[in-house]
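When a residue number appears, it is its place in the shown sequence, counting from 1.
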Amino acid sequence: MRTAVLLLSLSVVQALSQTGSLQFREGAAEAGIEFHFVSGSPDKPFIIESISGGVALFDYDNDGWLDIYLVNGNTVEKFLKAKRTVRNALYRNRGDGTFLDVTLQAGVSGGPWDMGAVAADVDNDGFKDLFLTGFDRNTLFRNNGDGSFSDITASSGLADKRWGAGAAFGDYDADGLLDLYVARYVEFDPRRPPPPTPKFCSYRGISVQCGPRGMPGAEDSLYKNLGGGRFRDVSREAGILTGSTYYGLGCIWFDYDDDGDQDIFVANDSCPNFLFRNEKSRFVEVAMESGVALGENGNEQDGMGIAVGDVNRDGRLDLVQTNFSEDNNTLYVNRGSFFTDSSYRWGLGETTWQYLGWGTFLFDADLDGWLDLFIANGHVYPQVDKHQIGTSLRQRDLLFRNEEGRRLVEVGRQAGLVKLENTRGSAVGDLNNDGRPDIVVNHMDSSAGLYWNRTQTGRRHWIGFKLTGSVSNRDAVGARVTVSAGGLRQVAVVRSGSSYLSHNDHRLLFGTGNHQVEQVTIRWPSGRTQILKNWTLDTYNRVTEPKLP
């Protein structure tokens, strides 16, 4: 009996000693995720073959469990013949750790060559719709509420043959309808590709695919939601046409100056970034004066993915951008009216230098109340594997633990992220509703990955929120939630579209460590502030916006 007690005590001590040590376990195949992402030929001679592959996590059937949508590509040969032998995939969450492929029943196989996916209730009917960006076609699928979707692109006003990359929904005029921003990449025709030149078609002396420099850029688009699944292009009148046709990849809505309206950040490839400040429904581009247009040394970076969150818990939303290899990923810390590039001080500089980053997000993996950081990696040039130049096509994804707002420390290998893959899109969400956020990644020319969060959180608590707007948009996109616990505040915002070509869980999840929650404040997109009187820890609290008197 004494031996049994001793063994039990040792196991308890061991479990407690591991609390907070980030741990993830890959389990896509056993969960029923059998998805192979195809994008072009193995040697990737064209730029279109290297940048696809979004992921969307959303509850399409309103059963309380997050479902998974994975974007597939095509090959140039089949695209030119108007064929596509691969398809996107929608996996319904069964709620028992397994998923069922329901793509054909749902009618969301996708377009000729899709890029990214974002989910939002565009018509406020209570069901999340699905928007896909793509090469030669963007697509809007309306959720019919019966497990199926209808392609309403033609009637929606969103039909556009320009190359769409990142997309995100946000209510810029606070009318209760979600508007849409689409970042556009380059003007490219695989029938008439640009002639190879040493300047634009080589990398460290190696002949590679051409672009994007040397190709015409494309103007982004802002679409105003007119209701009923219809949109109107308001790019010019809203002020987002700057006269500079850059190479847009990632985009995100976030109220960086905390003035109550939604601003837009765009990560541009090989060009300065955009930051559009919302000034009463018209935008002014302020990236340069705000400190987010360029890197710390005044250099143009190759922006891909975007993450937003309060890394130092000062109540202001900070910004992470993933970039090309031989350049660090960037952490812009929000100082109020401007940002400072704090990448090296926080530990992102040297650690990310040789990696080529794509999907990224800030999330509290161990429920200690501090936002950790995930970065998906993979090169665009297969030719680098044939030359010893310090990088490779397949790379390990990175996971940074937030050391209480002082520094981000890379712990991915110890946490179980050891596989070398060529990753693009990535998304985070609580797939099994246990309060620990899980990760889904899309691996180019390989199988998708599902990383279950197995971090031992011990006695740490969490609190989650599923918000529903009444005066605001139904998804409550743009709602800002502040949780006070242990004398410290955490801030998070509901958003639709982020990472790289991807979409995260709409629900907000806060780790509270060993502290009790003292207060929860919600600032709804309508402008109304609500202080919650009752809430429950270790579960998702459903909150509906009070109607205005």
Would you find a donor on one side and an acceptor on the other, under 3.5 Å apart, between the side chain of [X] and the backbone of [Y]?
X      : Y      : value
Asp385 : Leu393 : yes
Asn273 : Leu275 : no
Arg413 : Arg396 : no
Asp67  : Tyr60  : yes
Asp397 : Asn377 : yes
Asp505 : Arg507 : yes
Asp269 : Leu249 : no
Glu49  : Ser41  : yes
Ser496 : Ala119 : yes
Asn328 : Tyr344 : no

Fill in: Those residues that, when tested against Tyr181, pass ring pair (Phe, Tyr, Trp, His ring centres under 6.0 Å) (two or more places apart)
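Expected list: none.
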
Answer whether the closest heavy-atom distance between the side chains of [X] and [Y] falls below 4.5 Å.
X      : Y      : value
Phe188 : Phe46  : yes
Val320 : Trp346 : no
Ser221 : Arg184 : yes
Leu373 : Leu348 : yes
Val292 : Gln321 : no
Thr139 : Phe149 : no
Leu22  : Leu399 : yes
Arg137 : Lys161 : no

Indicate, with yes or no, if the rings of [X] and [Y] have centres closer together than 6.0 Å.
X      : Y      : answer
Trp253 : Phe276 : no
Phe324 : His379 : yes
Phe265 : Tyr256 : no
Tyr91  : Phe35  : no

May I ask you to decide whether [X] forms a salt bridge with [Y], counting only side-chain N to carboxylate O separations under 4.0 Å?
X      : Y      : value
Asp114 : Arg84  : yes
Asp121 : Lys128 : no
Asp368 : Arg401 : yes
Asp258 : Arg480 : yes
Glu300 : Arg213 : yes

Item to complete: Check the pair His387 / Tyr381 against ring-ring contact (aromatic ring centres under 6.0 Å, His included), numbers first and verdict last.
Response: CA-CA 11 Å; His387 302 78; Tyr381 305 138; over 10 Å; no

Worksheet entry | Glu289 atom CD, over 12 foreign heavy atoms within 6.0 Å |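 Counting other residues, nucleotides and ligands, CD of Glu289 exceeds 12 neighbours.
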
Please find the pair of heavy atoms, one from [X] and one from [Y], that lie closest to each other, and give the distance.
X      : Y      : result
Asp220 : Leu241 : O-CD2, 3.7 Å
Phe231 : Asp179 : CE2-CA, 4.5 Å
Gly250 : Ala183 : O-CB, 4.5 Å

Item to complete: Evaluate side chain to side chain donor-acceptor pair (under 3.5 Å) for Glu296 paired with Ser343, printing each intermediate quantity in order.
Response: CA-CA 8 Å; Glu296 185 175 23; Ser343 311; over 6 Å; no

Practice prompt. Scan side-chain atoms only and decide if Glu219 and Ser235 contain a donor-acceptor pair under the 3.5 Å cut-off.
Written response: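 Side-chain D/A pair, Glu219 to Ser235: absent.
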
Worksheet entry | Polar contact flag, side-chain donor to acceptor under 3.5 angstrom, Glu421-Ser446 |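 Yes, side-chain donor-acceptor contact under 3.5 Å.
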
Worksheet entry | Worked check of side chain to side chain donor-acceptor pair (under 3.5 Å) between Asp366 and Thr455 | CA-CA 6 Å; Asp366 53 2; Thr455 301; over 6 Å; no

Worksheet item: For Asn442 and Thr423, what are the C-alpha separation, side-chain angles and deciding distance, and is it a side chain to side chain contact (heavy atoms under 4.5 Å, CB included)?
Response: CA-CA 6 Å; Asn442 209 351; Thr423 313; 5.8 Å; no

Fill in: Steps toward side chain to side chain donor-acceptor pair (under 3.5 Å) verdict (Ser270, Asp302)
CA-CA 4 Å; Ser270 308; Asp302 303 304; 2.8 Å; yes

Fill in: side chain to side chain contact (heavy atoms under 4.5 Å, CB included) between Phe141 and Leu90, worked out
CA-CA 13 Å; Phe141 289 109; Leu90 174 63; over 6 Å; no

Item to complete: Determine, step by step, whether Val380 and Arg424 satisfy the side chain to side chain contact (heavy atoms under 4.5 Å, CB included) criterion, reporting the C-alpha distance in whole Å, the side-chain angles of both residues, the deciding distance to 0.1 Å, and the verdict.
Response: CA-CA 10 Å; Val380 296; Arg424 291 298 182 267; 3.9 Å; yes

Discussion item. Determine whether Gln490 and Arg313 satisfy the following criterion, side chain to side chain contact (heavy atoms under 4.5 Å, CB included), listing intermediate values before the conclusion.
Written reply: CA-CA 6 Å; Gln490 297 181 59; Arg313 296 204 346 185; 3.8 Å; yes

